[in-house]
Every structure is written in structure tokens, then in C-alpha cells.
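Convention: sequence-line order gives letters A, B, ...; per-chain numbering from 1. The basis for the numbers below is simple: all heavy atoms, side chains too, and nothing from hydrogens, waters or symmetry mates.
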Amino acid sequence: EAGVVQSPRYKIIEKKQPVAFWCNPISGHNTLYWYLQNLGQGPELLIRYENEEAVDDSQLPKDRFSAERLKGVDSTLKIQPAELGDSAVYLCASSGQGSADTQYFGPGTRLTVL
Amino acid sequence: AQSVTQPDIHITVSEGASLELRCNYSYGATPYLFWYVQSPGQGLQLLLKYFSGDTLVQGIKGFEAEFKRSQSSFNLRKPSVHWSDAAEYFCAADNYGQNFVFGPGTRLSVLP
């Protein structure tokens, strides 16, 4: 069974440019998460989806970040415009149903903003 | 505010020695509790989780954790560490589907 797939694995952009990350969860998983992980720190939840509904986006900086999961399967996280402080690893995870189920993490996308 | 703390930023142990990684949480009620491991270049992997019941939880790779309500702690233990256990370990808590929070992590180094 394929795990959580994320692309790209690495992205280098200049500040003020837009960037998008894509995530395909494990087949059948209803819950999808996006996390941000800064170097030397734990992941921080950005947004959680139950199917296509964003049920927790309280930590998503909505002035520049947006996310969608239109068909309740794969998801896209966008930053526009990117700032230097956005350099981090962006992790996607999925679970069967809710956070009580085990979350399976993808390899992440490492973003560098110059 | 709900939070998870891991007091030790970095721990070094010798191979074969025992290990205990500390985790404390601050939540209004006992949350779900988790331990994850992140090896270099690899994704986060769940070691074990606690929801209720028996306070000693067994996980993968020979790890166990003990929940202590009186101390708001969920410490991770392993009786004999292997060199392959060197990694970053994260404690996490979830308030029944709300506010999933990771701790800052503890980096484990293993001496041969």
C-alpha cells in the first residue's frame, strides 16, 4: 500500500513568489493534515480536513496561506506571496477517521525562500 | 493554553543502556497522548499512543510509555538502546480531535 505522497520534495523560490505543495493521502483516509516544521522544532498544525471540510484552520495564516481539498482526496497548500520566514518543511499526514486514528506522515516538502 | 513540553533538548546514551525521554502536557482534561520518532531523511512514525485504560503502553521497536495523571506526564522508555534508535523523538497530545499539538522534540544520540 502506498504511503502519503507529497510533491515536490524540495522547492527553492525567491521571496514574494507564489508556491504550491501537493499531497495525496493514503487511499481511504478521510482526515488530512498539513503541518509546518521549522528546523529543530516539532510540527505545527496548519489545517485539518475531514473529507473536503476544513474543520480546524485556526493556525493557518490566512493572509498568505490557503489550502483546498476539493474532492476529499488530495490536497494543495499554497503560499502567496512567500516570505523569508516561510522557509521550513511542510508535512502532510492522513488518518482513517479523526485524530484518534494513527496519523501517517509523508516525507515533506522542504521550502527555501531566498 | 494547551501545550506539550519535552524538557530535554538532547540526550546521549551508550548503546545497550536504558532510556527515558520525558514529556509533560498541559490540558484541561487528559488528552490522547502519542510518541513519534523522526529519523534523518525519513518521515514521522508513530511509536505508541494512549487513550485510556492501562497506563503502561507498549509500542513498536521495543518502546513503552507510562501515563501518570498526577504528574501530567507520558514518559517514553526503552530498556536497551540500539544505535539505530538515534533520532528525534516527539511527544504529542490531542484534545479529542481538537488542537493536536507536538512537543519541541528530544534528539537522541547513541554512543557505540
Please answer: with hydrophobic residues joined when any side-chain heavy atoms are less than 4.5 Å apart, are [X] and [Y] in the same cluster?
{"X": "B:V101", "Y": "B:L47", "result": "yes"}
{"X": "B:Y32", "Y": "B:Y25", "result": "no"}
{"X": "B:W35", "Y": "B:L19", "result": "yes"}
{"X": "B:F90", "Y": "B:V37", "result": "no"}

inquiry  = Counting only non-hydrogen atoms closer than 4.5 Å, can you tell me which residues of residues 10-20 of chain A sit against chain B?
reply    = none
Is the number of heavy atoms from other residues, nucleotides or ligands within 6.0 Å of [atom1] ([X]) greater than 12?
{"X": "A:L114", "atom1": "CG", "answer": "yes"}
{"X": "A:K62", "atom1": "NZ", "answer": "yes"}
{"X": "B:I9", "atom1": "CD1", "answer": "no"}
{"X": "B:W83", "atom1": "CH2", "answer": "no"}
{"X": "B:E64", "atom1": "CD", "answer": "yes"}

key: Side-chain heavy atoms of A:Q37 within contact of B:F102, under 4.5 Å   = no
request  = For the residue pair B:F34 and A:Q103, establish whether any side-chain heavy-atom pair is separated by less than 4.5 Å.
outcome  = no
task = Taking all heavy atoms of B:F100 and all of A:L45, pick out the closest pair and write down the distance.
result = O-CB, 4.1 Å
message = If you compare all heavy atoms of A:T102 against all heavy atoms of B:K49, which two are closest, and at what distance to 0.1 Å?
response = OG1-NZ, 3.1 Å
query = Is chain A contacted by the side chain of B:Q38, its backbone, both, or neither, given a heavy-atom distance below 4.5 Å?
reply = side chain
remark   = Applying a strict 4.5 Å limit to non-hydrogen atoms, the region of B:L46 in contact with chain A is side chain
ask   = Heavy-atom distance under 4.5 Å to chain B: side chain of A:Y104, backbone, both or neither?
value = neither
